[in-house]
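Structure first, commentary second.
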Amino acid sequence: MSTPRRIVVVGAGLAGVSTCDALRAGGFDGDLLLLSAEDGLPYDRPPLSKDVLLGKARYEDLLLRPAAWYADNAVELRTGAVVTALRPAESAVELADGLRISADRVVLATGGTPRALPVEGGDDRAVHTLRTWDDALRLGERLLPGARVAVIGAGLIGAETAAAAAALGCRVTLIDPVPVPLAAAVGTDIARALHHRHAEAGIRLVTGGVERIERRTTADEVLVHTTGSDAPLAADTVVVGIGIRPSTALAEAAGLHTGNGVVVDDRQRTSHPRVLAVGDLARRDGHSLRHEHWDAAQRDGQVAAAGLLGAAPPAGQATWFWSDRHGSRLEAVGTMADAERTVLRGAPDRGPFTAFGLRGEHLVAAAAIDRGRDIRTARRIIDRAAPVDAARLADETADLRALLRV
């Protein structure tokens with residue numbers, strides 16, 4: 001297909017904005033429209049569960065690009081623009097107000113929506129999710145000193161929200177059916193150390209599932225019934241952080257290939273030649289998982305832009321993500337579930353340490369608490385597929401960067 005002259009990006013999160021940025025940086029000089037269902041300038045989501053809840057960040061601090069960037073780069077940003085239909089055969093998208101916008105190519109960057117708690121009482125007014133700026137404002141008003149907060153789900157969002165609530169003086173209970181959450185992603189050693197820090201911060205940990213949420217008639221509170229506690233937990237506020245559901249409705253209605261997201265190839269192309277998908281929404285064909293991380297969303301946009309311009313995609317890199325909680329930073333590359341064995345650099349009971357995941361003599365993953373330099377080096381080693389000496393990984397006196405020169 002020839003180079004498109006008019007591209008419409010549906011969704012103005014990081015993946016969508018990164019696509020626009022990479023298109024202009026790559027020399028695209030056609031019409032470029034960015035459609036956002038939300039009002040206001042596009043913003044970054046990771047700070048919502050951290051600095052926003054803690055009152056350390058304003059909306060202006062979260063902007064992905066300053067207001068002038070859109071005009072300077074000839075990106076037509078339309079806010080409050082809800083797309084209701086994708087019509088690739090007609091080279092168009094349709095908005096809620098009935099307006100049709102022509103498009104030679106469409107890039108879907110609609111992300112996902114928080115998974116609802118599928119139990120009785122899961123829709124009570126005390127139950128909150130955290131995905132948007134407005135969600136963070138509503139939840140922040142509830143996180144007052146002494147408030148009883150039950151957080152369901154100890155993944156990244158749940159753990160960060162629990163840590164923020166505890167720092168604000170709330171009485172927090174963190175509920176998850178898995179005894180050591182995140183172990184598959186970061187390994188048991190890192191995951192156990194992270195989870196233990198919740199208890200050190202005064203957060204009550206409950207291992208179990210939620211059976212139902214019951215509203216008390218005599219008080220403005222709810223009771224959270226779990227399989228991990230004999231008595232129900234009284235709470236003023238409940239936060240549900242059990243993952244997101246990819247927003248595939250537009251793709252499904254258009255007949256695109258979907259299944260745990262919109263299925264794409266190595267250029268982010270969907271089953272229709274005029275449509276691409278990026279970010280949390282997209283799942284690479286042949287892979288069972290989607291990567292719901294900041295770095296992956298940015299790279300998807302760059303890969304999609306390269307494909308649209310007929311250019312070579314950027315070199316692949318190991319997936320990377322981070323999480324901040326209790327004054328420490330977790331960073332990880334790769335997936336520990338891919339490793340056959342683990343090598344530790346440092347000790348879990350003595351502050352910062354790193355866990356390396358090896359398959360044979362190759363590094364396939366690494367995770368660290370407060371050791372970002374280790375992770376940056378580990379990513380380069382993984383990307384080069386260079387064999388490594390496990391003993392040198394474990395030796396804290398050895399310079400990891402020297403492994404790159406072997």
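We number each residue from 1, following the sequence as shown.
- For R192, the side chain to side chain contact (heavy atoms under 4.5 Å, CB included) partners are V180, T188, not counting sequence neighbours.
- Residues satisfying the side chain to side chain donor-acceptor pair (under 3.5 Å) test with W69, not counting sequence neighbours, are none.
- Shown here are the salt bridge (Lys or Arg N to Asp or Glu O under 4.0 Å) partners of R78, two or more places apart in sequence or in another chain: E76.
- Considering only residues two or more places apart in sequence or on other chains, E252 meets the salt bridge (Lys or Arg N to Asp or Glu O under 4.0 Å) condition with none of them.
- Here E94 pairs with T84, A85, R87, R100 under the side chain to side chain contact (heavy atoms under 4.5 Å, CB included) rule; sequence neighbours left out.
- Applying the ring-ring contact (aromatic ring centres under 6.0 Å, His included) test to every pair with at least one member in residues 166-194, sequence neighbours left out, gives no pairs at all.
- A ring-ring contact (aromatic ring centres under 6.0 Å, His included) check over residues 360-388, counting only residues at least two apart or in different chains, returns nothing.
- Listed by chain and residue number, R215 satisfy the side chain to side chain donor-acceptor pair (under 3.5 Å) test with D124 (two or more places apart in sequence, or in another chain).
- By the salt bridge (Lys or Arg N to Asp or Glu O under 4.0 Å) test, D176 pairs with no residue at all, sequence neighbours left out.
- Considering only residues two or more places apart in sequence or on other chains, D97 meets the side chain to side chain contact (heavy atoms under 4.5 Å, CB included) condition with L95, L99.
- The ring-ring contact (aromatic ring centres under 6.0 Å, His included) contacts involving residues 129-161 comprise Y59-W133, where partners must be two or more places apart or lie in separate chains.
- Between the side chains of S323 and R325, at least one donor N or O sits under 3.5 Å from an acceptor N or O.
- A distance below 6.0 Å separates the ring centres of H326 and H198.
- The side chain to side chain contact (heavy atoms under 4.5 Å, CB included) search around P179 returns T207, not counting sequence neighbours.
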